[in-house]
Amino acid sequence: LRGGSCTKLALPVDLRCPNLKTIGNSAFSQTAVPSIDMTGAPVEYIGSEAFSRNSALTNITPLLPKTVTTVNYRAFLNCPIKGTLELGFGDTLSLGTGDYSNGHQFNGTAIDTLVAGPALTSLPKEFMNSAKALETLDLTRASGLTSIGQDAFKNDSALLNVYLNAYPSFGTTVFSGVPSTARFFLSRESTGWDAWLANTANATAWTNLTPTVQKGYFDAWGQGAKHPKARAVKANSPFPKDSWLLRYTATSGMKIIFR
């Protein structure tokens with residue numbers, strides 16, 4: 001199925017096929033399919049724009065089979081699928097290669113939670129930006145994650161909690177436009193974060209802030225703002241400007257950045 005030829009298709013689709021391994025480019029793009037069932041199908045490859053711009057598609061079961069090893073460019077672009085996306089819990093995972101086939105996989109979706117596993121090594125540019133329902137981004141099990149691309153989660157206006165384990169490289173404006181209530185939890189186990197926070201180009205210690213800026217943080221966070229480990233995040237960091245490393249937690253063993 002390709003967009004344009006089957007735009008009037010508006011029935012649920014049953015793909016519970018034991019031999020289905022590939023969903024090709026634009027297979028369900030711009031159709032009106034409301035739901036797709038892939039239960040038990042050993043899908044490995046999802047092509048470029050496979051489900052993109054299908055404004056009726058809210059449910060795919062499972063949302064992404066663990067057998068999937070490739071999700072290509074714009075695969076679910078502006079497709080209002082809902083639920084929790086589990087990504088990178090299979091043996092390998094590729095999110096496209098090259099300029100054209102890289103990125104935009106889940107832009108504009110209605111996914112509320114993203115949980116990533118050890119097979120995820122990089123997130124491409126604009127991977128899930130303008131995903132207005134995304135509240136939780138959990139990358140704590142993505143131990144092999146080395147990079148997060150430009151604008152990957154930009155304008156995710158419902159984002160509340162971001163959990164990071166490995167210290168990746170960041171493209172520009174990864175979290176630009178997330179709400180002021182967003183919280184960033186950084187793993188205590190990764191020494192990379194300590195080095196990042198110690199770099200004065202990234203963050204400023206409480207004692208180096210001007211009295212006016214200190215007052216603003218103190219009004220917001222009270223005595224916690226004066227914690228010796230506290231840092232104010234600068235504008236050139238991957239985090240939103242004025243985020244605040246507030247404290248360590250004894251229970252979770254993670255550092256917390258608040259805004």
Side-chain angles (χ1 to χ4, degrees), residues 83-87 106 109-117 120 123 127-143 145 147-149 151-199 202-206 209 213-259:
T84 296
L85 172 62
E86 295 186 349
L87 185 74
F106 293 92
T109 61
I111 292 167
D112 58 59
T113 302
L114 168 60
V115 181
L120 179 68
L123 285 168
F127 172 74
M128 191 183 279
N129 69 11
S130 299
K132 304 300 185 182
L134 185 67
E135 295 184 353
T136 301
L137 172 59
D138 186 351
L139 302 178
T140 54
R141 282 171 281 182
S143 54
L145 182 65
S147 65
I148 300 178
D151 298 337
F153 300 98
K154 184 177 181 179
N155 295 329
D156 288 354
S157 57
L159 193 60
L160 295 176
N161 298 302
V162 179
Y163 302 88
L164 294 162
N165 186 355
Y167 173 71
S169 63
F170 288 91
T172 57
T173 57
V174 170
F175 294 106
S176 176
V178 303
S180 61
T181 51
R183 299 188 296 175
F184 296 85
F185 298 73
L186 308 182
S187 173
R188 203 171 195 172
E189 298 176 359
S190 175
T191 56
W193 288 117
D194 289 327
W196 183 88
L197 289 163
N199 186 339
N202 299 326
T204 304
W206 171 267
L209 297 173
V213 175
Q214 284 182 345
K215 182 179 184 305
Y217 282 116
F218 187 80
D219 288 347
W221 307 114
Q223 290 293 332
K226 297 183 178 182
H227 192 286
K229 295 289 187 179
R231 297 290 186 275
V233 175
K234 291 188 174 180
N236 63 338
S237 79
F239 302 107
K241 184 180 184 298
D242 299 327
S243 299
W244 185 249
L245 174 63
L246 183 61
R247 61 186 174 89
Y248 292 90
T249 63
T251 53
S252 66
M254 307 192 74
K255 306 166 186 176
I256 302 178
I257 286 183
F258 291 85
R259 269 216 290 172

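Bear in mind the structure is a predicted one, so any value in this text is a computation, not a measurement.
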_Set out, in order, the CA-CA distance, both residues' side-chain angles and the distance that settles side-chain contact (heavy atoms from CB on, under 4.5 Å) for Ile111 and Met128, then state yes or no._
CA-CA 9 Å; Ile111 292 167; Met128 191 183 279; 4.2 Å; yes

*With ring pair (Phe, Tyr, Trp, His ring centres under 6.0 Å) as the test, would you mind laying out the steps for Trp196 and Phe170 before giving the verdict?*
CA-CA 12 Å; Trp196 183 88; Phe170 288 91; 7.7 Å; no

*Is any side-chain heavy atom of Val174 closer than 4.5 Å to a side-chain heavy atom of Ile148?*
yes

*Would you give the length of the straight line joining atom OG of Ser157 to atom CG of Asn129, rounded to the nearest 0.5 angstrom?*
11.5 Å

*If you measure from CZ on Phe153 to OG1 on Thr173, what distance do you get to the nearest 0.5 Å?*
12.5 Å

_Using every non-hydrogen atom in the two residues, find where Ala166 and Ala142 come nearest and quote the distance to one decimal._
CB-O, 4.1 Å

*Yes or no on side-chain contact (heavy atoms from CB on, under 4.5 Å) for Leu87 and Leu114, after CA distance, side-chain angles and deciding distance?*
CA-CA 7 Å; Leu87 185 74; Leu114 168 60; 4.0 Å; yes

*Among all residues two or more places apart in sequence or in another chain, which pass the ring pair (Phe, Tyr, Trp, His ring centres under 6.0 Å) test with Phe106?*
Phe76, Phe127

*Would you please test Leu137 and Tyr163 for side-chain contact (heavy atoms from CB on, under 4.5 Å) and show each step?*
CA-CA 6 Å; Leu137 172 59; Tyr163 302 88; over 6 Å; no

*Just by distance, do the side chain of Asp156 and the backbone of Ala131 share a donor-acceptor pair under 3.5 Å?*
yes

_Heavy-atom pair of closest approach, residues Trp193 and Pro168_ = CZ2-CD, 4.0 Å

*Closest heavy-atom contact between Ala133 and Ala110?*
CB-O, 3.5 Å

_Beyond-backbone contact of Arg141 with Val115, side-chain heavy atoms, under 4.5 angstrom_ = yes

*Please work out which of the three classes, parallel, tilted or perpendicular, describes the rings of Phe175 and Phe184, given edges at 30° and 60°.*
perpendicular

*If you measure from CG on Asp138 to OG1 on Thr113, what distance do you get to the nearest 0.5 Å?*
9.0 Å

*Hey, are the side chains of Thr204 and Lys234 touching, using non-hydrogen atoms and a 4.5 Å cut-off?*
yes

_side-chain contact (heavy atoms from CB on, under 4.5 Å) between Phe185 and Val162, intermediate numbers included_ = CA-CA 6 Å; Phe185 298 73; Val162 179; 6.0 Å; no

_Spacing of CG belonging to Leu164 relative to OG1 belonging to Thr140, to within rounding of 0.5 Å_ = 9.0 Å

*Got a second to check how far Ser187's OG is from Leu139's CG, nearest 0.5 Å?*
11.5 Å

_Atom pair NZ (Lys132) and CG (Leu159), whose distance is rounded to the nearest 0.5 Å_ = 11.5 Å

*Is any side-chain heavy atom of Pro240 less than 4.5 Å from a side-chain heavy atom of Val233?*
no

